[in-house]
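All chains are named by letter (A, B, ...) in the order of the sequence lines, taking the proteins before the strands, and each is independently numbered beginning at 1.
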2 protein chains.
Amino acid sequence: MLPWLNLGLPRTTPAQTSHALNLSSYLARLVASGQATSRSELARVTGLARSTVSEHLAPLLRIGLIAEHEAEAGARGRPPSVLSLNPQAGVILVADIGAARGRLAIADFGQHFLAERSIRTDVARGPDTVLAEVRAEFLQMLAEHQVPSGSVRLVVVGLPAPVDFASGVPVRPPIMPGWDNYPVPESFQETFAAPVLVDNDVNLMALGEARCRPASQCPLLYVKASTGIGCGIVTHDGQLHRGADGAAGDIGHVRVPGHDAVCRCGAVGCIEAFASYAAILRKAGADSGGNAVQSAEANEAQLSGLVRTAAGEIGEVIAMLVHFFNPAVIVLGGRMTQYGDEMLAGVRSVVYRRALPLATRRLSVELSTLGNRAGTVGAVVLGVEHVLSPQGLRSMML
Amino acid sequence: MLPWLNLGLPRTTPAQTSHALNLSSYLARLVASGQATSRSELARVTGLARSTVSEHLAPLLRIGLIAEHEAEAGARGRPPSVLSLNPQAGVILVADIGAARGRLAIADFGQHFLAERSIRTDVARGPDTVLAEVRAEFLQMLAEHQVPSGSVRLVVVGLPAPVDFASGVPVRPPIMPGWDNYPVPESFQETFAAPVLVDNDVNLMALGEARCRPASQCPLLYVKASTGIGCGIVTHDGQLHRGADGAAGDIGHVRVPGHDAVCRCGAVGCIEAFASYAAILRKAGADSGGNAVQSAEANEAQLSGLVRTAAGEIGEVIAMLVHFFNPAVIVLGGRMTQYGDEMLAGVRSVVYRRALPLATRRLSVELSTLGNRAGTVGAVVLGVEHVLSPQGLRSMML
DNA sequence: CAGGTTTAGTTCGGACATCGACGAAAAGAG
DNA sequence: CTCTTTTCGTCGATGTCCGAACTAAACCTG
């Protein structure tokens, strides 16, 4: 007979987190996303009794996570007290660390960036150096905006590497010598007494883009073409797919025959070796015979053409992903979207030609709406969702 | 400022299904999967009080879904009353319809196949003919095994086509003329007064394989190489990924350069056109100059070589999927696994050479453990999980 | 074989969650 | 000012879940 079947059970038993916390978390997220702004509205949306809503809202107000203020009247009856995440509930520190540059930000819970800054982060200098600079920069930003460092609720870090999300540790990063297994969370926890979340940078961008759109646009793929080529995956239910080892979305080293460029990973024919933005700049520099980037950047027309070609090659890979994953939306991001029109045209032409009509009929291919802020926005999203999760709420309520 | 962010909310509000039903469903699934066989064990596994377990078990016993019988004593204390899904609770009709042949089965809830049968199903003859034959066959099987047709609780159908799972309708099947948008569920509901689930056949196989393994082996990819090449996707949390249009996993029409075979989809260079089992048989037939399949099947050695080559080409595609999806396990199935060793060797050699070590370090590439029963087993799994879901339970309890 | 030990399952009262009903508060309409 | 409308809080009724005490059914010991 058959071995018996391990029916689809949740990985955590439902009874582990209390029902009360689940409800509070759900209410908090409804408020945070703006889908409900008053107690009655929450009751309508959730189908719960108003009294139940009030009851579960009370602890959220008590710990100051949600604030209420008077609404200016205008409608008929008693004006509701408008609910929102309390901007004063604390701040989230966010670092989107790229290979060469990083973007730091301080965000409050009211969806505002209090401060934003771009710094040099040459990851090749090693984690000790880079993270120390990030910490110093954070402290300076906090001081400048007079945010007490005690109000830091969470630190979220994006790294251009595969990350084991549970432990927050980079695993075998191809381009970051010295970062393998480096305990990034500990390095921040010495300075800030707050939990630290670490994830792949492209995952964060994908999350940011996904949350700017209606849930019907999931499953969503975010494809970033800059120095490297990577991809973030958001599934049907809005969750990031990180894969078994945190390495999902690493499409830069997909091999496309017909090219013999040597990739930094050592292999030959990786898409990243000839269709990434870095590769294009190299090519432009070489063609113009001059000294690389400077002169090449000037030659807009030539670059446009190269982007268009590269976008087509990326489109070949995307067409394959469309077959396999059948997403509702493909979002294009990364530095190559400086030439957005060319990029879009290049990708679209190939995808709609190659892929079967069924999978492309309702597929939309778009440029990133968040641009180079996708990473920081996604990090804030991850942070807010973590704080508002049942586990996050429990830790706040002691 | 930013548009506000639609935080990761569940698609259905948690308050919609009653907490009680959720618990009953969870208990039933624990019993069904054999993870708990008595009330006390359920209490230990779930962390609930024994009294609570008893309380929620009562309705499941009342409707006859779960049965208890005496355990033979042997341990110290009072022997537990052993719980199991009641085999007499009803049967599930299962049809795994392939392009040429279909596999029908009657399963009870006690993980036993009461009857199993393979029939000719030339899907090109159209849905009316094929489904009528399936229905007739089902009725005959029921009669032969003296199962009253009133005890049919569910019908599960797998089709070699993209299927919109919610409505149970095939959408734009490439190889099934006349099936587009055909209302398959209605066609069975006239005969059997039971819900009908329809899904892609490869999805069912993937589900079957996934449920035969520990949950730690998800995310899992099931790759089927027969007449066509397809792929089923099970995510980290054990759910099938069906994509935005139910077309996910359709990797047969991924284009691999360097081949100019014309595919039945009309395009050139589809992997399916030269590396599927059908293509191999064609090639073997052509090489031996004789009349195709018959003489070719005889020449084992030649076929082995062709399988090995084709497996390498499929491996190129799988390597790409490994980069993108980073699964924990790849399961190989389909008729090509008749030559399992060659297939495994061909796929492994390419995957472990092409893909980055990070994604392959813990990846295991295996042959299907269920063989040609994967589809029917997966269909039973889908059916049992549907019946034991909170929605399914509610309908049984009136 | 009587009584102790161990494990399983049931019963029951209390703590807590959720609901609906009622009433108070706060605005506009007439 | 009074009526209507909408929001929100309070309170008792109902239902869920738990733990403690109790019963049931086995084995072990002497």
[X] side chain near [N] phosphate (N/O to OP1/OP2, under 4.0 Å):
| X | N | value |
| --- | --- | --- |
| Ser54(B) | dT10(C) | yes |
| His19(B) | dT18(C) | no |
| Ser40(A) | dT6(D) | no |
| Thr52(B) | dC18(D) | yes |
| Ser81(B) | dA8(C) | no |
| Ser51(A) | dG9(D) | no |

Donor-acceptor contact below 3.5 Å, side chain [X] vs main chain [Y]:
| X | Y | result |
| --- | --- | --- |
| Ser25(A) | Leu21(A) | no |
| Arg153(B) | Ala89(B) | yes |
| Gln239(B) | Val234(B) | no |
| Ser389(A) | His386(A) | yes |
| Thr46(A) | Leu42(A) | yes |

Hey, are Asp199(A) and Arg242(A) close enough for a salt bridge, meaning a charged N less than 4.0 Å from a carboxylate O?
yes
Send over the distance from [X] [atom1] to [N] [atom2], rounded to a whole Å.
| X | N | atom1 | atom2 | result |
| --- | --- | --- | --- | --- |
| Leu42(A) | dT6(D) | CG | C1' | 16 Å |
| Leu27(B) | dC17(D) | CG | P | 10 Å |
| His69(B) | dA8(C) | NE2 | C1' | 15 Å |
| Glu41(B) | dA8(C) | CD | C1' | 12 Å |
| Leu23(A) | dC19(C) | CG | C1' | 13 Å |
| Asn22(B) | dT18(C) | CG | P | 13 Å |

What string of B, S and - do you get for nucleotides 21-30 of chain D 5' to 3' if you count protein non-hydrogen atoms under 4.0 Å?
B--BBBSS--
Between dC19(C), dC8(D), dG9(D), which nucleotide has the shortest distance from any of its atoms to the side chain of Pro80(A)?
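Of dC19(C), dC8(D), dG9(D), dC8(D) is nearest to the side chain of Pro80(A).
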Do Arg50(B) and Ser40(B) get their side chains close enough for a donor-acceptor pair, meaning under 3.5 Å?
no
Side-chain heavy atoms of Asp237(A) within contact of Cys218(A), under 4.5 Å
no
side-chain contact (heavy atoms from CB on, under 4.5 Å) partner of Leu65(A), chosen from Asn86(A), Leu388(A), Val31(A):
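Of all the options given, the one that passes is Leu388(A).
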For DNA chain C, find the residues of residues 55-62 of chain A with a heavy-atom distance under 4.0 Å and give them by number; none if there aren't any.
Glu55(A), His56(A)
